[in-house]
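Letters A, B, ... are given to chains in the order of the sequence lines, protein chains preceding strands, and every chain is numbered from 1.
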2 protein chains.
Amino acid sequence: MAENGGRAAGADVGDLVARARRGEPRAVARLISLVENESPRLRAVMAALAPLTGGARIVGLTGSPGVGKSTTTSALVTAYRRAGKRVGVLAVDPSSPFSGGALLGDRVRMSEHALDPGVYVRSMATRGHLGGLSWAVPQAVRVLDAAGCDVVLVETVGVGQSEVDIAAQADTTVVLLAPGMGDGVQAAKAGILEVGDLFVVNKADRDGAGTTVRELQHMLGLGPPRAPGEWRPSVVRTVAARGEGVDELVEALEKHHGWLVEHDALAARRERRAANEVESIALTALRARMGQLGGDQRLGALATRVRDGDLDPYAAADLLVEGVAEA
Amino acid sequence: MAENGGRAAGADVGDLVARARRGEPRAVARLISLVENESPRLRAVMAALAPLTGGARIVGLTGSPGVGKSTTTSALVTAYRRAGKRVGVLAVDPSSPFSGGALLGDRVRMSEHALDPGVYVRSMATRGHLGGLSWAVPQAVRVLDAAGCDVVLVETVGVGQSEVDIAAQADTTVVLLAPGMGDGVQAAKAGILEVGDLFVVNKADRDGAGTTVRELQHMLGLGPPRAPGEWRPSVVRTVAARGEGVDELVEALEKHHGWLVEHDALAARRERRAANEVESIALTALRARMGQLGGDQRLGALATRVRDGDLDPYAAADLLVEGVAEA
């Protein structure tokens, strides 16, 4: 990672961006590495990218492990490539206990696109970062957007809140389910129903697919009453491994995009996404400031006192924050 | 909630704490409500509790939906009650799309303990809070600890990082699995293997239990080499619904506690937990300060410019943070 950062820092940012826009995968890779590694040139990169963004449609895909997110993502890539679109894929991996990076599985399943210059696939690990690397994923989306991707697919395991949040920052959020992955109550507990613009019941050739669709439609109907003209989530059945239902999914995505544009909702969503980005970066900066002030050392001393009951955690936090305000 | 907060604010904090220590469930409930609602008296409560904490053993239980966390928690409560211990249970619910609160399921499964004054059960919803209500869960643990619980069980759905983090802040973290919940690679993706001090394969009477145990042992063996004297996670088989294996689980918990004490690791873990608490509260305070400075309004204006490509998100964050430092 240091090597990547070093090499990229040596290159001219403007040149890298120009090459990324011409579709050179290595330039895209370097730009994303700059983001992930918080390179000193990150700010220059982001300033250069800002005017180039806004052209890509951002689609989030989320769902529990085992529902077939990678397979569905891969099938979508195939469909979009057939339509001549450039596609970026970010596979956000909430954790890998051993490597700190993404597991082989996703890459293997996406390997059919490995040699296609119109597809850029990147895995991002989020483990160990405060807020699930929430600041880095949207920055990587910016890179792919500025590089000229027509569609950016952001795939995350969606049971935890932070991963759901990542997917929910898309223009369109697709929630995937599969038959036999637990009953409706468990799905509701996972908290992913309310973020979905579209629902996919994948592996729809399995027993219980009809039940899952009905349960889902029932639970979607249980939600708070929707305003007139509000988007009504639809349910698509797929067998992504065989490409079945994928055209219908693309059509549903198209329909949702049309609805967003028609209802002035796209600009509002993108503004909300930008607000989340800015706030997340600002919080990270404030946190770093606590550290720069010797906060980490002070934090250790304060934590000892809290552990021993000499100080309560709120009083300790006050003492920690004081230094930041004084900076 | 407002009513709860209001009533509690009317009562004397010292009196509430004294009553909680005598085991009055209503006093415990009020104290936790003060924490959840961020009552103005929260600081007074925390200051009063600080010297009373440290007596409870904190056990985290985490695992994917459907592995039987609630059933196992309930079986553990039964075992600890038989041994005459006072037990607190926090069931942390990462989300409920409809009520914002906990779903009925957990409460129903815990209902056998509803009339036992030696057991205090509380569900906490984490949805919609920054960082998964990470500041409130440890504060609620403090309440139960100070109230005189011998054991506090913190149960969370553990696929998302924030929920895993909650469980991992315990003295001992128990990761539950069940046969047929997806293959080993999927379990590894869930990122819960490395946080476990103990592993439970529940529903061990089902087909595939042996395979799950073997896969688990294999994956645990794949981890980085452990230092001599380091704790080696063990695997316990249970059928919690019938109480099978629960005595073995209690014994394994006891063994891990003994190891922690013997290796001076308990104090270190608790200091780390305190540091996380303090940092999380400090960040929340800094975030509030951004809001108080009209940050929300400014954030909206900055987000519009970022969305339109006039400003990059880092430059926008700089402008947002400036106000906080100047306060």
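If you measure heavy-atom distances from Ala267(B) to chain A, the contacts under 4.5 Å come from both the backbone and the side chain. Heavy-atom distances place the backbone of Leu311(B), and not its side chain, under 4.5 Å from chain A.
The shortest heavy-atom contact between Ala303(A) and Ala274(B) is O-CB, 3.5 Å. Among all heavy-atom pairs drawn from Leu299(A) and Ala275(B), the shortest one is CD1-O, 3.8 Å. Contact record, Ala282(A) with Ala317(B): N-CB, 3.7 Å, taken as the closest heavy-atom pair. Here the shortest heavy-atom pairing between Arg43(B) and Asp318(A) reads NH1-OD2, 2.6 Å.
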### Task
May I have the step-by-step check of salt bridge (Lys or Arg N to Asp or Glu O under 4.0 Å) for Arg142(A) and Asp312(B), ending in yes or no?
CA-CA 10 Å; Arg142(A) 284 180 171 274; Asp312(B) 74 84; over 6 Å; no
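Interatomic distance, Thr53(B) OG1 to Arg307(A) CZ, rounded to the nearest 0.5 Å: 11.5 Å. The line from CZ of Arg270(B) to OG1 of Thr304(A) is 14.0 Å long, rounded to the nearest 0.5 Å.
Between chain A and the residues Ala316(B), Ala50(B), Pro313(B), the largest count of heavy-atom pairs under 4.5 Å involves Pro313(B).
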